[in-house]
Protein chains: 2
Amino acid sequence: MSRPRGRPAQGAGVNRESILAAALELLEEGDGKGLSMRALAARLGVTPMSLYHHVQDHASLLRALSDRIYGEVMDGQEEGVAPLEVIRGLLCRYHDAVGRHPQLTLAIFSEPAAFAGVSRQITDHLTAQLAAITSEPVLWRDILVDHAHGSGLALASARGRPGEAPMLSERYRQALDRLLARLAP
Amino acid sequence: MSRPRGRPAQGAGVNRESILAAALELLEEGDGKGLSMRALAARLGVTPMSLYHHVQDHASLLRALSDRIYGEVMDGQEEGVAPLEVIRGLLCRYHDAVGRHPQLTLAIFSEPAAFAGVSRQITDHLTAQLAAITSEPVLWRDILVDHAHGSGLALASARGRPGEAPMLSERYRQALDRLLARLAP
DNA sequence: ACCTGAACACCGTTCAAGT
DNA sequence: ACCTGAACACCGTTCAAGT
């Protein structure tokens, strides 16, 4: 019944990659409380303490997930696009990321340090682009980012009322269009 | 050493009111993880299970706190004010409530049901007032509420970097002014 | 290097028992 | 009506021990 104490003969094969993937699943498939070190270990068929050889702790696990998901927002950026379109693209991709991972977003707000890294890159880029079309780039960057966050949270709260999420995404695009139109008339 | 089993001779005097007050303290004085049924009971000098005679469970405790804090936003409403000023007042009071209780706001987003009650009142009132000054009241209600939420969360995240919160409140007022100015030109 | 069980200090909540 | 201790099923994390 009881397995041997040490490392099993054939490496069970838990690595950072498999841990992150399983963690994201566990986080999003429930009400956001499903991701625990113990549940994660169980899903991977391993002891909880085994995880601590690959991630420092629970908070750093969240940080790693944040880097992965929100990092994609900065990638896939097109060349030679007008500032207004850069801004639009960036915010839409950001909002989509929130929509695909609402529980991660929620979890990250409770662990602000997890967010600082990637968030800084996005907001800096946004400010630079806004400077081309408005005389108050910082003010409008805050407005647009805060609005994206708030709308993302509405998305997160709409979980459990399925089918509503796509509608909210469409609404975000509408709202963003109104804001951008008012920004630089 | 061990106290008697049943109800103590002199009623220790835990009631719904004292529970809610202590819960709010516990929630806001730390990193948002300080409010647990067990810690709450300890602070009140009582057994955890005693609390369950006054509140149904942890989630309903959060719901009660939400009703109390966000309920104030609808109160204290002035008579005979122009729609634009009603909107401004409502959103500022709402944002202030978030600023005074950031951890509650954060906790509530993870417990969406806790928010539904009061939130509905505020958004309905807001929509009605917006109808007087714009042809797209629902769209702008969403923009303004989402923005207030996002800005409130920035406030919540700024906890731990003290002194920054008042600055962010001032920034919210600035942002709101720009939005309202653009709304009905 | 990597996995293990045991342990410690926590959770929310149910239940039967006391006054 | 209200408070109790014991119990159950959970947490994150440390530590010493195994291979």
Side-chain angles (χ1 to χ4, degrees), chain A residues 1-20 22-23 26-27 29-65 103 106-108 110-111 113-114, chain B residues 1-20 22-23 25-27 29-65 103-104 106-108 110-111 113-114:
Chain A
M1 206 69 210
S2 64
R3 294 177 66 192
R5 228 180 203 268
R7 180 188 201 176
Q10 25 267 32
V14 203
N15 52 50
R16 204 160 203 281
E17 180 54 37
S18 64
I19 289 177
L20 290 183
L26 228 34
L27 182 60
E29 81 188 14
D31 60 346
K33 284 160 200 151
L35 174 56
S36 72
M37 298 301 273
R38 293 181 112 108
L40 180 54
R43 165 144 322 184
L44 293 165
V46 98
T47 299
M49 314 68 199
S50 153
L51 302 176
Y52 288 87
H53 291 274
H54 302 96
V55 298
Q56 214 170 32
D57 55 18
H58 191 251
S60 91
L61 179 61
L62 244 36
R63 199 159 42 229
L65 290 178
Q103 300 297 349
L106 225 36
I108 275 167
S110 311
E111 204 77 49
Chain B
M1 204 71 214
S2 66
R3 298 177 63 188
R5 226 180 204 270
R7 182 187 200 178
Q10 25 266 31
V14 203
N15 52 49
R16 204 161 202 281
E17 179 54 37
S18 64
I19 289 177
L20 290 182
E25 274 181 34
L26 227 35
L27 182 60
E29 81 189 14
D31 59 346
K33 286 159 199 152
L35 173 57
S36 72
M37 299 300 274
R38 295 181 110 108
L40 180 55
R43 164 146 320 184
L44 293 165
V46 97
T47 299
M49 312 70 200
S50 154
L51 302 175
Y52 288 87
H53 292 274
H54 302 95
V55 298
Q56 213 170 33
D57 54 18
H58 191 251
S60 91
L61 179 60
L62 244 35
R63 200 162 38 229
L65 290 178
Q103 299 297 348
L104 173 64
L106 226 35
I108 274 167
S110 310
E111 204 77 50

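Hydrogens, waters and symmetry mates play no part in the numbers below; they use all other heavy atoms, side chains included. Each chain gets a letter, A, B and so on, in the order the sequences are listed, and its residues count up from 1.
In this structure, B:L40 atom CG and C:dC11 atom P are separated by 11 Å, rounded to whole Å. To the nearest angstrom, P of C:dA9 lies 20 Å from CG of A:D57. Taking atom CG of residue A:L26 and atom P of nucleotide D:dC11, one finds them 10 Å apart after rounding to whole Å. Per the geometry, NE2 belonging to B:H54 stands 7 Å off C1' belonging to D:dC2, to the nearest Å. Between the CG atom of A:L51 and the C1' atom of D:dC15 there is a distance of 17 Å, rounded to whole Å. Put simply, CD1 on A:I19 is 13 Å from P on D:dG12, counting in whole angstrom units. Atom CG of A:D31 is separated from atom C1' of C:dG12 by 14 Å (rounded to the nearest Å). As a whole-Å value, the separation of B:K33 NZ from D:dT13 C1' is 14 Å.
Contacts of B:H53 with the nucleic acid, taken as non-hydrogen atoms under 4.0 Å apart, include base atoms. Nucleic acid contact class of A:S50 (heavy atoms, under 4.0 Å, all strands): base. Within 4.0 Å of A:M37, counting heavy atoms only, lie sugar-phosphate atoms of the nucleic acid but no base atom.
Here the closest heavy-atom approach between residue A:P48 and residue A:R38 is recorded as CG-CG, 4.1 Å. Across B:L44 and B:S18, no two heavy atoms sit closer than the pair CD2-O, 4.0 Å. Here the closest non-hydrogen pair linking B:H54 and B:V14 is NE2-O, 3.1 Å. A pairwise comparison of heavy atoms in A:V55 and A:M37 identifies CG2-CE, 4.1 Å as the closest pair.
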Quiz item: Starting at the 5' end of DNA chain C, what dot-bracket string do you get if Watson-Crick and G-U pairs under 3.5 Å are bracketed, crossing pairs use [ ], other-strand pairs use | and unpaired bases use dots?
Solution: ||.|||||...|||||.||
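Side chain of A:H58, nearest nucleotide from D:dG12, C:dT13, D:dT4: D:dG12. Side-chain proximity of A:M49 to the nucleotides C:dT13, D:dT13, D:dC2 is greatest for D:dT13. Which of C:dT13, D:dC3, D:dT13 sits closest to the side chain of A:Y52 comes down to D:dT13.
Between A:N15 and B:A59, the residue anchored nearer the 5' end of DNA chain C, judged by the nucleotide with its closest heavy atom, is A:N15.
No donor-acceptor pair closer than 3.5 Å links the side chain of B:T47 to the backbone N or O of B:S50.
When side chains are defined from C-beta on, B:I108 does not count as touching B:L65, because their heavy atoms never get closer than 4.5 Å. Proximity of B:L61 to B:L51: side-chain heavy atoms (C-beta onward) are nowhere separated by under 4.5 Å.
Checking the phosphate oxygens (OP1, OP2) of C:dG5, a side-chain nitrogen or oxygen of A:T47 falls inside 4.0 Å.
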